[in-house]
**Student:** 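Before I ask anything, here is the structure I am working with.
Numbered from 1 within each chain, the chains take letters A, B, ... in sequence-line order.
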There are 2 protein chains.
Amino acid sequence: MKRILILGGGGMVGQKLAKRLETQGLPGFGDFRVTLHDLGYGPDAVGDDKRVGDLSVLAEGAALAAERFDVIFYLASIVSGEAETNFDLGWQTNLTPLWAFLEALRAQHRASGGEYVPRVVFTSSIAVFGGPYPEKIGDEFLTSPQTSYGAQKAACELMIQDYSRKGFIDGMSLRLPTICVRPGKANLAASSFFSGIIREPLNGLEAVLPVEDTVRHWHASPRSAAGFLAHAAVLDSDRLEGRRALNLPGLSCTVAEQIEALRDVAGNNVVALIKPQRDEAVARIVSGWPRNFAPERALALGFQAEETFREIIDVYIEDDLVDRKL
Amino acid sequence: MKRILILGGGGMVGQKLAKRLETQGLPGFGDFRVTLHDLGYGPDAVGDDKRVGDLSVLAEGAALAAERFDVIFYLASIVSGEAETNFDLGWQTNLTPLWAFLEALRAQHRASGGEYVPRVVFTSSIAVFGGPYPEKIGDEFLTSPQTSYGAQKAACELMIQDYSRKGFIDGMSLRLPTICVRPGKANLAASSFFSGIIREPLNGLEAVLPVEDTVRHWHASPRSAAGFLAHAAVLDSDRLEGRRALNLPGLSCTVAEQIEALRDVAGNNVVALIKPQRDEAVARIVSGWPRNFAPERALALGFQAEETFREIIDVYIEDDLVDRKL
């Protein structure tokens with residue numbers, strides 16, 4: 001039976017992926033068993049084989065590599081805000097362990113006489129880009145990150161591509177849109193409000209909107225994120241033609257359009273729970289983010305996301321809204 | 001008196017730079033003293049303070065950082081062919097010491113209470129690009145390297161930019177064209193013949209041409225390379241607007257145009273010393289290289305290169321042809 005490893009499997013996207021693999025499998029892949037690895041797990045976390053450990057202990061990654069998983073999803077990372085505040089922690093958590101893990105996989109490749117070449121799906125981010133931007137970011141736009149997180153993701157992409165080009169792994173990097181609507185509580189990410197202004201009102205709570213409603217951004221649902229990863233696991237990597245970092249599909253909309261979609265779904269009383277309260281720091285960070293993409297390669301490769309923000313809200317309601325008040 | 005450090009100062013470009021600094025100084029920079037650092041030096045190497053050492057001994061870089069040079073040229077690197085053949089040596093020589101050195105500079109920045117922010121000029125390469133290419137590569141074209149050397153240079157660029165963005169250093173990365181005509185002997189680089197077909201005939205020697213004469217590539221002279229570095233040392237980095245990797249000016253021409261320029265300078269008998277002898281390996285590598293650029297940002301920032309291949313040959317004759325037979 002084949003084996004799949006999800007590094008960062010306790011996180012939101014890791015859990016969505018684990019659930020998807022459990023319920024839908026992977027097309028054409030056959031039977032498999034999933035192992036999760038993370039610093040810890042929530043009380044409701046899925047997964048029969050949930051390992052607890054720290055990839056920044058490099059021997060931990062090497063031990064996992066020695067199990068020779070067929071497919072490895074590398075989702076482990078600290079978030080952008082933390083990487084920006086703590087420069088050391090960012091580079092040491094977001095680059096060093098990935099590099100060490102790739103070296104460990106290469107050692108397994110070598111020990112196997114070249115037979116072991118795992119599929120590695122790395123979650124990168126649209127944070128690899130930095131402005132000024134064209135109206136839509138195309139597949140050939142430069143990566144000039146303006147955050148440490150983005151620089152770390154871009155450096156990881158270079159390694160994933162080079163180790164793949166050499167045949168040690170068969171990897172690819174998926175530049176995820178901002179995932180929205182994230183279930184659970186608000187976090188300290190500057191992007192947190194994009195989910196908060198939908199999630200909190202739908203749960204009967206107030207939400208702060210820290211930016212103008214003219215702000216435009218690039219979104220996909222958690223369900224789409226899990227779909228991207230599953231699709232990448234079984235994609236014929238020859239079709240990438242050596243360019244192993246992909247801008248993924250998403251939906252470009254303004255905050256005003258998000259709010260109107262919420263009004264359509266839930267009405268004026270729910271929308272009234274959104275409280276505009278400008279936060280200069282958040283507004284400044286968000287003003288440097290990509291607004292729109294033309295992800296032609298990923299679309300041609302069969303990656304799919306939502307086409308309206310209404311769909312994104314519906315996904316949240318179907319998949320994550322616990323106490324439906326609607 | 002200010003102090004300048006050239007890491008890789010024993011190499012061809014390092015020596016050209018050292019000579020230029022000695023004879024022309026740096027505009028508006030005032031008096032300075034130059035220190036060179038390399039694994040070794042040729043018998044005719046210039047420089048009053050030539051240190052011998054190995055940057056891959058990380059303490060060596062840290063000790064240099066502790067001297068708090070005002071301007072640091074980081075030219076130390078193994079070449080593309082070697083990085084491709086020896087994967088470990090490539091990453092460990094072309095990325096690890098740069099990262100460790102940046103950390104050491106950051107430690108000095110911190111120890112100085114934030115006052116010490118050295119100018120760091122890093123020599124990157126057009127190898128950060130991978131095909132397919134547009135007719136001319138613009139300043140916003142993606143970096144998707146197809147060699148380990150290119151991946152390593154691109155990863156270094158990301159670090160130079162992030163350490164600069166954070167204010168620890170004031171750095172920039174210069175993506176040098178293929179330097180031609182290199183003085184001295186042929187080396188094992190796949191690009192070596194671009195210089196060889198000019199240099200050897202001018203010295204009365206035969207030269208092998210391993211590719212079709214329709215091959216188009218992007219060149220600048222060693223004199224221009226030294227000029228780029230000197231210009232970068234005193235450039236107002238605010239003008240980079242956060243994008244600290246630059247495609248430099250150069251000259252796009254075919255091998256046939258190179259040969260015709262040589263004929264103009266030196267006549268048919270010299271050109272007859274070029275012996276076409278196809279080398280499939282070299283031809284394949286070269287077919288993946290950039291052919292032409294539109295380096296608008298660098299031109300606007302005042303970087304200058306030759307405009308005809310004839311000029312490039314003239315520079316070789318003026319600067320490096322020892323035994324002028326012409």
**Student:** On a heavy-atom basis, which atom in A:A151 and which in B:L158 lie closest, and how many Å separate them?
**Tutor:** O-CD1, 3.8 Å
**Student:** Crowded around A:K136 NZ? As in, over 12 foreign heavy atoms under 6.0 Å?
**Tutor:**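 No, not enclosed.
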**Student:** Of the listed residues (A:P145, A:A245, A:A155), which shares the most heavy-atom pairs with chain B below a 4.5 Å separation?
**Tutor:**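 Of the candidates given, the most pairs with chain B belong to A:P145.
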**Student:** For B:W91, which atoms come within 4.5 Å of any heavy atom of chain A: side chain, backbone, both, or neither?
**Tutor:** both
**Student:** Looking at every heavy atom in both B:G242 and A:S144, which two are closest together, and how far apart are they?
**Tutor:** O-OG, 4.2 Å
**Student:** Heavy-atom distance under 4.5 Å to chain B: side chain of A:D139, backbone, both or neither?
**Tutor:**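 Just its backbone gets close to chain B.
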**Student:** Assess the side chains of A:S148 and B:R165: does a donor N or O sit below 3.5 Å from an acceptor N or O?
**Tutor:** yes
**Student:** Which atoms form the tightest heavy-atom contact between B:F141 and A:L142, and what is the distance?
**Tutor:**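 Closest approach of B:F141 to A:L142, heavy atoms only: O-CB, 3.7 Å.
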**Student:** Might you point out which heavy atoms bring A:R243 and B:G130 nearest each other, and give the distance in Å?
**Tutor:**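 Nearest pair, atom of A:R243 first, then B:G130: NH2-O, 3.0 Å.
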**Student:** With under 30° as parallel and over 60° as perpendicular, where do the rings of B:F168 and A:F87 fit, or are they tilted in between?
**Tutor:** perpendicular
**Student:** Check whether A:E157 gets within reach of chain B through its side chain, its backbone, both or neither, counting any heavy atom under 4.5 Å.
**Tutor:**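 For A:E157, neither part sits under 4.5 Å from chain B.
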**Student:** Look at atom CD of B:E67 and say whether more than 12 heavy atoms of other residues, nucleotides or ligands are closer to it than 6.0 Å.
**Tutor:**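 Atom CD in B:E67 is crowded, with more than 12 foreign heavy atoms closer than 6.0 Å.
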**Student:** Tell me if the CD atom of B:Q304 is crowded by more than 12 foreign heavy atoms within 6.0 Å.
**Tutor:** no
**Student:** With a 4.5 Å heavy-atom cut-off (strictly below), which parts of residues 285-295 of chain B touch chain A? List them by number.
**Tutor:**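 Residues of residues 285-295 of chain B touching chain A at under 4.5 Å: none.
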**Student:** Output the distance between atom CD (A:Q161) and atom CD (B:Q146), rounded to the nearest 0.5 Å.
**Tutor:**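 Rounded to the nearest 0.5 Å, the CD-CD separation comes to 5.0 Å.
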